[in-house]
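Order of appearance sets the numbers: ligands from 1, and atoms from 1 within every ligand.
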Amino acid sequence: MHSTPSDTILIIGAGGQLGLELTHELRQRYGASQVVAADVRAPKDAETAQSGPFELLDVLDKNRLEEVMRQYRPKQVYHLAALLSATAEKNPKFGWQLNMDGLFNVLDASVDLGVQQVYWPSSIAVFGPDTPRDNTPQLTIMNPNTVYGISKLAGEQWCEWYFRKHGLDVRSLRYPGLIGYKSLPGGGTTDYAVDIYHKAVAGQPYECFLKEDSYLPMMYMPDALKSTLDLMHAPADQIKIRSSYNLGAMSFSPKEITASIQRHLPDFQVTYKPDSRQQIADSWPASIDDSRARQDWGWQPDFDLDKMTDDMLVHLKQLQPA
Ligand code: SER
């Protein structure tokens, strides 16, 4: 039985890199009481903890998920809880379980409770070593070879299936590496592009775990938030892709981000010590063709590498202890 959805938005994984920023953004737009933050851990930052409702929730606990959803009757659910690429390689079974069963629990509860819209992030990790690396098309050879990538590709197909079979309005983006100053990523292959700014601002050298010429698609957090909300606000008939949209903004190597930082901090030094994450990076695209997102719902990024660097450094300097 469907109960009438309220105007509430539920964010699962609200303590993560994207969840934290999305929670703040949605609370600013719609009012704090409308946006329920949920995470498996209590929030570390005061803003998430105090600015609106918070629920402790393990998305693998189906009963608890349904309890939270019955309590708030959200009209929209953002399901962001997942293990990222490097962590899932170390915990393959748990990575698969969390990324897949978590998604099924959210999709099933959303169908049962009449949720109007679900958002679920996919990733450039759905592509693999057989995929054309440059300007990777929306439709191409996939063959991901990480647990994370396999789970995201399977998840995409399941989202599409729930849309077709159940009419669930589920929408998704294949994010590139996400970079922001408010929150830290955990366990991804693109994490270096966040860590490097923190070291630079602290006046310390950085040891990079990828090679200096390792190109990956990346995106600044304001663009990630904009793309997510633009996608969710687009009329349903404009969403032609129900698996997940390719999404791009910029592409750079560790050497290029270092040069971008050195425009402001000429003494900043980076050394290179590639580890197991290099193999993952080598299997992913270097750049992305996101023309379908641009055509279908008007996607347009605002930030390139230097503009992002300028903004990151200003904000991280403000956050430095005096
Ligand atoms: N940023 C993610 C990772 O590196 C990719 O989606 O795992």
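- Between H166 and W161, the ring center distance clears the sub-6.0 Å criterion.
- Within ligand 1, the atoms closer than 4.0 Å to a non-hydrogen atom of L84 are 7 (O), numbered from 1 in the order shown.
- Side chain to side chain, Q318 and Y181 fail the donor-acceptor criterion of an N or O pair below 3.5 Å.
- Distance from atom 4 (O) of ligand 1 to its nearest protein heavy atom, with residue and atom name: T189 N, 2.6 Å.
- Every heavy atom of I124 sits 4.0 Å or more from the atoms of ligand 1.
- Distances between N or O atoms of W284 and those of ligand 1 include no value under 3.5 Å.
- Checking D296, D289, D290 one by one against R292, the salt bridge (Lys or Arg N to Asp or Glu O under 4.0 Å) holds for a single residue, D296.
- Counting only heavy atoms of the protein, atom 6 (O) of ligand 1 lies nearest to S123 OG, 2.6 Å.
- Rounding to the nearest 0.5 Å gives a distance of 6.0 Å between CZ of R171 and CG of L231.
- Considering both main-chain and side-chain atoms, Y148 comes within under 3.5 Å of ligand 1 through a nitrogen or oxygen pair.
- In this structure, the side chains of L216 and F252 stay at 4.5 Å or more apart for every pair of heavy atoms.
- Remark: the backbone N or O of N135 is paired with a side-chain donor or acceptor of S287 at under 3.5 angstrom.
- For Y245 and W297, the gap between ring centers is short of 6.0 Å.
- The nearest protein atom to atom 7 (O) of ligand 1, hydrogens excluded, is given as S85 OG, 2.6 Å; this is a heavy-atom distance.
- Polar contact check, Y175 against ligand 1: no nitrogen or oxygen pair lies under 3.5 Å apart.
- When the heavy atoms of T190, V194, L216 are ranked by distance to atom 2 (C) of ligand 1, first place goes to T190.
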